[in-house]
Amino acid sequence: MILVVEDNPDHLELTLMALQEDGRRSEIAVARDGVEAISYLFGEGVHGGRDTTHQPDLVLLDLKLPKLTGLEVLQRMRGDPRTAAVPVVILTSSGEEEDIAASYRSGANSFMRKPVDFGEFTEKLRQVQDYWLQVNQVKASG
Amino acid sequence: MFRLWGSLRAQLVLLVVVTTVPLMVWVTANAYWQARAGLERARTNLHFASSMGALHVAQIIESARATLVTVASTARIQSGLPEGCATFFRSVAPQLPAYGSLGVFNPDGHVRCSSLAKDDAPVFAGDRRYFQEAMGAGRFAVSTYTRSRISQAEVILFAQPVRRPDDGRVTGVAYAAMDLRTLQRAMDQLQLPPITRFRIMDRDGTVLAASSDLRETVGSRVRVPVLQRAVASAVAGIEDGEGADGRRAMFALVPVGAGTGVFVSVSLDREVAIGIAAKQIGLQLLGLFLLMLIGCYLAWRAGGRAILEPTRQILEVTQQLQMGRGGTRVGLLPRSTVDELVQISAGFNRMADALQQREGQHVAFEAQVRHAHDQLDLVLNSMKEAVLAVDQDSRLLLSNHAAAMLFDLARPRLPAARWPAHFGLYHAGTDRLLSLDRLLRPDAPERAVADFDLDVRKPGGADVRTLRCSVQPLLSGANMFGILMVMTDITDIRALQAAQARNLADLEELQRKLVEALETGRIGNWEFDLAAQRLWWSDETYVLFGLAKGGFDGRFATVLQHIHPDDRDRVVRQRDSAIAAGEVHEVEYRIVLPDGSLRWMNQIGRSYCDARGRALRRAGVVQDITERKLTEQALLASEQRYVALFKQSPLPMWVSDPASARFLAVNEAAVAQYGYSREEFSALTLRDIRPASEWSRLEGLLHGAGPADQGGERWLHRRKDGSEFPVEIVWKHIPHGDRRAMFVVALDVSARVRAEAEVHDDMQTLRRMNAAAQAIAGQATLQGTLQQVVVQARGVVGAHLAVITLAQGDDWAQAINKVSVSDKYGDWQGREIPAQSGRGMHALVCETNQPLRLTQAEFEAHPRRSGFGAHAGDHPPVRGWLAVPLVGADRKNMGVLQLADKVDGEFSERDEYVAIELAQLAATAIEKTRLIEEVRNFNAHLEARIARRTAELARQEALFRALAEQAPQVVWTADTSGAVSYLNRHWFDLTGGGAADGLGYGWMTALHPDDLAGVRTQWRLGRRGKATFSGVRRIRALNGSYHTMSYRAAPVHDALGQVSFWVGIDTDITEFKAVEAALVLSNRELAAFSYSVSHDLRSPLSAIDGFSRLLARQSGMAAQPQAQHYLTRIQAGVAQMGQMIEGLLALAQVSRASLRSEPVRLDRIARDILERLQASQPDRRVAVTVEEGLTLDGDPRLLQVAMENLLGNAWKFSAQREDAAIAVGQLPGQRVFYVQDNGAGFDMAYSDKLFGVFQRLHSVSEFPGTGIGLATVQRIVARHEGRVWAQSGPGSGATFFFSVADGALVQPGSG
């Protein structure tokens, strides 16, 4: 399952398109700001009662978010044992060195700058999915 | 018995082996671990490389799929009709050069149309698996290795079913054939790690592409069994196996994507991974083994030569020495002998030398001992004393001949302890037997007495002999092992000594008595041998004559020479008559001592006759009687002197009887003094020469218990004429005949009493003088001083009239006069003193500068007397006149002090002295008061000047204060302790406080608390260095806001160069600060802006691009080429916009980034960039020249960006030339670098626009670009303190130069 945290509706739609490109049918959850992402991840508020032992296999996280920023979400995730190991890929239009450095300091697994070219974006997202969902191993396989 | 490991050389060999073996073990283990690590690394590398390869191939397949999806969604293809089909593919194919052919199959398997123009022979693909898969399963399929039936090329095909949009029926299969060489090129570009090889296989294990050096044939089955198995089972992983060339290798296999049936394998020679380690271990082990063998051999040889041979030699010599051959020595050892053995053999030889020498010494010593023993025997036996030595056990150790004669020692074995009893040895004079046992005890008391006497009494015999026995312990170290006795027979000596001692005692007693008698009476003995005519003197006689003992030759004539010449005849005469008469004679005479003094002697002598009465000798004594003679003479002289003194003394003296108080004797002086004759005196008593008032005192003296002698008492005596006079008497009780009398000396002291009175008067005058001087000196004005002088002068001297005249130059009419008069002149008080003329007597005094003292008569008769002027009629006569001049410090006359009409008698000399003193005092006082008046005048003048000056200063200060008050800055002054003493109006306008709030240290309350420490530091520094100090501080204004002030203070020095006070000015720079802050804020906003450009401007671009692409995919859009074209243009525009934003961001980054400076290799950077450019466009041929070793100091990241732009431009603008050339270099000897190309160039007329942002000299269609690159370059170079410029002409290429400063970098915010 993939959790996409994105506030810009244009970007969200494009991201979802790109993720489903190629006929993939991954289960996708969406959070439109940092607070919603947190409440989803920890089963609070509107997502009360969610089984929090079942966490996303990948979180695509934008940095510029209303309410809680992407970095704050990331820090909260890394501070909680339930989400500490969940792979997080930062997905943002900024390429600032400071943003990259801050992301890795806060525990991001990967930093991806959204390319303007949609084809490129799609291709990159596909690689991200391939790697984090297929190649990467989070838990010991049963 | 030979022990193998007991041998030293064997142990050496063993040591070599033991050292080498662990080394070999270590080498082996090390190689093993290196091999393990190499394998592990290789696995990691393989995993990485194969994943990368698989991803790359997957991308290729994916792009083919995307292409085919697009084709399949084209309406023209979906329709299933052949019309326009070939045209479509031929128009699309050039845009997709990766595929050798594109086309579509009909559902029956025949090619409907393709991009290749081979329509004549319809190709059938219905039997191909990929076709069946795409057709049957209706999904994208990838073929296995295929030889194209159209082009005969080796290809791999991708197939995508085409569905009709209305019913979804499959109307065909679109395909794309990729030439395997294209695949091969794509893989070659992937740049896998250089030691790895790749293979791409289809599901049958047929090789599709492989690294060129793998000897795999495309199209045939892979020749590696391991891979064949892995492909068959389609299992990913890493396996070891044999390669096609038979070498061991590791193979990583990864399937590409899902269901594509393509596998990527990457292999690595096992030997490459671990080869080095494996090869090395064999060599190293062999080397170590050889080393060990050589070591063993050397140890064996060295052990033999260096140790065994020398040891054998030493052993042989030891045996020789044992056999007594003392001269044997260890010979020369082999040169390789170890040092320790050489030292041992040298030590061994030294030891043998020492042994030989000892033996020689021993023999010589024995001979000496024998000789000494013989000599001892000789000495012992020649001694008269008996010598016996006995040991602790009473055994006789030694005896000599004398001992044998004394005791019968021939009888052997008589223990010494029994000798006393046997030989009768007793302690001298006792019946106590000698105990040898006690002597032999170590603590024997007898031994403390070194010598003692023994009696030898033979039993029954009366013969007793006495022996002096001396005992000494025989010591061995501190222990006694016996005693040595030396015995001397002293029997005869004892007897002799006793007799002598008795005689001596008698004689001594006799002599003592005689000497005593003689010494007591200073009496000397003499004896004269008449026959020999020799004279003998006792010691005392010598002393009496003042001669050293023996200093007399015994002749009588010599004696005479010592006798006084006047006495010689008498002495000779008396002596001769006495000898003739044979009677006793006594004579007194004087002798002359050697020092010339005389001594009186009394000599008595008598004759001693033989039996016949003939005189043999005369003997007698001589005695010193000088003292007696002198006393007799002195007594006589004393009496005579006394009488003469009494008679002739000028002092009155008498002797009186204290009982009757009558005069017993009176001298001439008394007669003269008292006026009584000697006869009258004899009738008088002591009372008669005194007034009656002294009588009772006299009684006390005569009968009282007063002291016997007295002197210095003062009495009043009376002469015969009744006049009285003071005397001092001295008396003494003396014997007068048989009575006690009183001797009196009376001294007339009337003169002394008079002198004392005069002294008293003088003292009084001096006291008055002193008071007068104080009174005069106490006057402050001239008039007062003059008045006081006359008053005091008249009082001290005692006159009725005193006048002082102070001359004013020569004009006597102007002279100042002061007068003092007594009551006698009472009615003269206050009368006007007439002006003095310059001719009178006082003028005379002034002219001569000498005092003048006249009696009344002299005064009245003086020729220059001017009379009393107008008062001549009623002026009483003056008794005497005294005038003294007033003389200044310069010895010039100032005036005259006159005293007239003395109260008592005439003016004396003393009065004159007093007047002179007073005049001197007056002169000094007058000069002093004149001086004071001058000073007072001068002071008054000075004060006026000061007042003028003060007023001027006040005016100046008012001016400065007004200036300071009006100044637009805060002006202040502070004293040296930092307390503020002045603040101008601006301060109070600013802070609003009153004067008390700012002055002193009050201003500190208006200071911003954070600035206090800084101001204090500056103040301390300034004060220590006495120098100007400055800084910035914030002052709280009236409205509570803080104003930023730039202050500067300087010291003001006084005439001595010391700091007098400080002056400072605070300038309000608040507005300046605000502008500065705004600038900083603006810079921050700029940074925020560029961030937002990065984030926010790109965001909508992504949306535009994304949705335009999605739009292009929409069904229906594909049928509208115009719409597709527009969408493509939109995407191109978006891409251009994205690049421009990127460029702008980079430009901003250049300005914002902080730089670090380090050496940068510009040539390497240039080569890397050029290689990348070449790789991006492999078809272009560009001649590249990069100068070697281009190095400069700078920021490596920025310089990389600059070079990317410059080289990118060069690459871009030379694209249209066949013979493109690019050069990078440095101007010789300068820090100027350049990038040169021979491309399109530009017109130098526009060179000023070259480096502006968005400035372009070529159209986008001509050369693509954003117009930011060169601006970025310029900014980077500027950050390096450098300059960039260009040279060019249209069509003649361009050269871009840039210079950099030496290591200087401009940090952001500083420029």
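Chain letters run A, B, ... following the sequence lines, proteins first and then strands; every chain starts at 1. A quick note: this is a predicted structure, and the numbers were derived from the prediction, not measured.
When heavy atoms are compared at a cutoff of 4.5 Å, B/Phe140 does not approach chain A at all. Only the side chain of A/Asn8 comes within less than 4.5 Å of a heavy atom in chain B; its backbone stays farther off. Neither the backbone nor the side chain of B/Ile1104 comes within contact range of chain A, judged by heavy atoms closer than 4.5 Å.
Around CZ of A/Arg76, the count of heavy atoms belonging to other residues, nucleotides or ligands within 6.0 Å does not exceed 12. Residue A/His47 qualifies as enclosed at atom NE2: its count of foreign heavy atoms under 6.0 Å is above 12. Under a cut-off of 6.0 angstrom, the local environment of CE in B/Met52 is crowded, with over 12 non-hydrogen atoms contributed by other residues, nucleotides or ligands. Within a 6.0 Å sphere centred on CZ of B/Arg1129, heavy atoms belonging to other residues, nucleotides or ligands number 12 at most. Counting non-hydrogen atoms of other residues, nucleotides and ligands closer than 6.0 Å to CZ of A/Arg78 gives a total above 12. A 6.0 Å sphere centred on CZ of B/Phe48 holds no more than 12 heavy atoms belonging to other residues, nucleotides or ligands.
A 4.5 Å side-chain heavy-atom check between A/Phe121 and B/Asp1105 finds every atom pair outside the cut-off. You'll find the side chain of A/Arg126 reaches within 4.5 Å of the side chain of B/Gln59, heavy atoms only.
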Do A/His11 and B/Ser1099 pass the side chain to side chain donor-acceptor pair (under 3.5 Å) test, and can you show the C-alpha distance, the side-chain angles, and the key distance before you say yes or no?
CA-CA 8 Å; A/His11 284 239; B/Ser1099 188; 2.8 Å; yes
Decide yes or no on side-chain contact (heavy atoms from CB on, under 4.5 Å) for A/Phe118 and B/Leu1110, but give the supporting numbers first.
CA-CA 9 Å; A/Phe118 180 70; B/Leu1110 289 173; 4.1 Å; yes
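Remark: A/Thr122 OG1 to B/Glu62 CD distance equals 10.0 Å, nearest 0.5 Å. In this structure, A/Asp117 CG and B/Gln1131 CD are separated by 7.5 Å, a value rounded to the nearest 0.5 Å.
B/Ser1102 and A/Pro115 get closest at one heavy-atom pair: OG-O, 3.9 Å.
Interface check for chain B: of the options A/Asp130, A/Asp10, A/Val116, the most heavy-atom pairs under 4.5 Å are formed by A/Val116.
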